[in-house]
2 protein chains.
Amino acid sequence: MSEAADQIFATLRHQAQSGAPLYLQLRKSIEDAVNRGLIGPGDALPSERDIATKADISRVTVRKAVQDLVKGGILVQRHGSGTFVAPRMERVEQSLSRLTSFTEDMARRGMVVRSAWLDRGLYAPSPDEMMVLGLSSSELVARVARLRIANDTPLAIERASLSASVLPDPADIGSSLYAALELTGNRPVRAVQRISAANLGDSDARLLEVPPGIAGLHIERISYLASGKVIEFTRSIYRGDAYDFVAELRLTGPSEEGRP
Amino acid sequence: MSEAADQIFATLRHQAQSGAPLYLQLRKSIEDAVNRGLIGPGDALPSERDIATKADISRVTVRKAVQDLVKGGILVQRHGSGTFVAPRMERVEQSLSRLTSFTEDMARRGMVVRSAWLDRGLYAPSPDEMMVLGLSSSELVARVARLRIANDTPLAIERASLSASVLPDPADIGSSLYAALELTGNRPVRAVQRISAANLGDSDARLLEVPPGIAGLHIERISYLASGKVIEFTRSIYRGDAYDFVAELRLTGPSEEGRP
DNA sequence: GGCTATTGGTATTTTATTGGTATTATTCGC
DNA sequence: GCGAATAATACCAATAAAATACCAATAGCC
């Protein structure tokens, strides 16, 4: 457990002879460690017992300090699991290069992620879908829609459309659409992604639990097989106030590149 | 199976006495091996049993680690066949000039583009600018702001800040900021760009000739010199209804064979 | 085609570690 | 002296971590 969490004890000893109650000293130490970023959202604190023995005070005293911070929303406790720094709702950023792993990205920030299925089924294709996916009106389209949730806050709506021939049973997708496609041998090799902004409509806003009219990031992605055939068509809507897309650009070649 | 997959066990033993749960250690080892390219997309992992006996831990523990990575989309499992590194979408390197080339982009859509200057001058730096550009309060900052117009429709507002030392006279910029920087030998080689959505404020909306509150794309870009120094800091606002950012993603992996 | 070794998948149990709580002693201020 | 805040002790409950034993699908060989 050591790591950077030991910083707690450094500041603790520093104020040891202040005369203030022990639990207040400890509380301040922990608070400082969080505020100074020594331990960030999602990080685990040492167990109450560990803190107690290391600081040489009773566990109940530790508990008092910790509980205060839990009440204040600074920490989160999970019975049988541990004590953690409460995640803050700040802008989350996603690098464009890792667009496929929402789950991983969020987990790295100490957020508990889950998805709620909005839709999983086979339908008659819309004109849009027929055009993009190259379907005839007699074929079916598989639609997979889910709400992405981080720390009980809905962050995004993802709606994917695929030809039913590549995803005959939309219900048995695990957590990754790409993994499911991989299993059936339909591997996209290329995708074009289009990012724009749009005001959220009523139904989307309701799903994302924000007022209607708020700005949202609208991402449209079309994935292609090696054969050039379109395999997937995804429209995602991200909450504009909680999500950043980050791209790192590199200037290639000499300065003669076309410029504005 | 041996090959490079054995690298997993090397890093595993390395962190053996970290005290962390076994399955976390293993998960990290595998994750590292993938991230460092020791095992690439499509490559097979040793079987769960092999990993278990080699690392001298239970197979269920191996399973826990592997499953986490499957959930995160890093690995793919096929019952009766094996565990494989999942394919991954990667953003194609996009040249700096290309992404910023408003003019070129619009011209491709057959639009007549022009710009209107909103501001060109030297100012005392704001705290933001001092921080990002690394300026002291006694130095000056060059601000360049312009309205981008296509077919007589305002599309975007670009506001750039630079140290006055690299752009002593903001007034003599031609049509390209980058060209001006090139002349003084200050060529950015890298930039980090952050795309988000936000509702347009009153003044920006007025400039863009849209009603306030409409969704806009907010792009923040920080450009770096080869030395690592920040040279430019641009905040742009695009009309969300009239502009798309397009990125092409490519799936990395074994091109043909090697597919399980 | 069908057998078989090998693969991942699952259910169940044990153990250690975590937070949760009730109860009691001490200290300090009024 | 009384009472509230402080601190310590001992025990309870939930969860995670790990191991065992067995099931099911796939691939490959004959």
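We use all heavy atoms of the structure for the numbers below, so side chains are in, but hydrogens, waters and symmetry mates are not. Proteins come first, then strands; the chains are lettered A, B, ... in the order of their sequence lines, and each starts at number 1.
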J.: Measure CD/B:Gln77 against P/D:dA24 and give the value in whole Å, please.
T.: 18 Å
J.: Could you check how far CD of B:Gln67 sits from P of D:dA16, rounded to whole Å?
T.: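 Whole-Å distance recorded here is 16 Å.
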J.: What is the distance from CZ of A:Arg78 to C1' of D:dA14, rounded to the nearest Å?
T.: 12 Å
J.: List the steps and the verdict of salt bridge (charged side-chain N to carboxylate O under 4.0 Å, His left out) for B:Lys54 and B:Asp50.
T.: CA-CA 6 Å; B:Lys54 275 217 179 172; B:Asp50 279 355; over 6 Å; no
J.: Can you name the side chain to side chain contact (heavy atoms under 4.5 Å, CB included) partners of A:Thr53, sequence neighbours left out?
T.: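 Applying side chain to side chain contact (heavy atoms under 4.5 Å, CB included) to A:Thr53 gives none.
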J.: Taking heavy atoms of chain A and a 4.0 Å limit, find me the 5'-most and 3'-most nucleotide of DNA chain C within that range.
T.: C:dT18 to C:dT21
J.: Identify, with sequence neighbours excluded, every residue that meets side chain to side chain contact (heavy atoms under 4.5 Å, CB included) alongside A:Asp68.
T.: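 If we apply the side chain to side chain contact (heavy atoms under 4.5 Å, CB included) test to A:Asp68, skipping adjacent residues, the hits are A:Tyr23, A:Arg27, A:Lys64, A:Lys71.
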J.: Just the rounded figure in Å: distance from P of D:dA17 to CD of B:Gln25.
T.: 12 Å
J.: If I take atom CZ in residue B:Arg63 and atom P in nucleotide D:dA16, what distance separates them, rounded to the nearest angstrom?
T.: 18 Å
J.: To the nearest Å, give me how far apart NE2 (A:His79) and C1' (D:dC11) are.
T.: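 After rounding, the reported distance stands at 12 Å.
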J.: Can A:Glu232 and A:Thr234 be counted as having a side-chain donor-acceptor contact under 3.5 angstrom?
T.: yes
J.: Any side-chain to backbone donor/acceptor pair from B:Thr61 onto B:Ile57? Under 3.5 Å, distance only.
T.: no
J.: What N/O pairs connect the protein and nucleotides 4-10 of chain D at under 3.5 Å? Give each pair on its own line.
T.:
from: D:dT6; atom 1: OP2; to: A:Tyr23; atom 2: OH; distance (Å): 2.7
from: D:dA7; atom 1: OP1; to: A:Leu22; atom 2: N; distance (Å): 2.9
from: D:dA7; atom 1: OP2; to: A:Tyr23; atom 2: N; distance (Å): 3.4
from: D:dA8; atom 1: OP2; to: A:Ser58; atom 2: N; distance (Å): 2.8
from: D:dA8; atom 1: OP2; to: A:Thr61; atom 2: OG1; distance (Å): 2.9

J.: Within this structure, what is the CG-to-C1' distance between B:Leu26 and D:dA16, rounded to whole angstrom?
T.: 17 Å
J.: Tell me whether the NZ or CZ atom of B:Arg221 lies within the 45° cone about the ring axis of B:Phe233 and under 6.0 Å from its centre.
T.: no
J.: Hey, are the side chains of A:Ile195 and B:Ile195 touching, using non-hydrogen atoms and a 4.5 Å cut-off?
T.: yes
J.: Taking only residues at least two apart or on different chains, which pairs with a member in residues 193-219 of chain A satisfy salt bridge (Lys or Arg N to Asp or Glu O under 4.0 Å)?
T.: A:Arg159-A:Asp204, A:Arg194-B:Asp244
J.: Can you tell me the distance, in whole Å, between the CD atom of B:Glu48 and the P atom of D:dA24?
T.: 17 Å
J.: Test of understanding: with salt bridge (charged side-chain N to carboxylate O under 4.0 Å, His left out), list the residues that count as partners of A:Arg235, not counting sequence neighbours.
T.: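 Checked A:Arg235 against salt bridge (charged side-chain N to carboxylate O under 4.0 Å, His left out); matches are A:Asp128.
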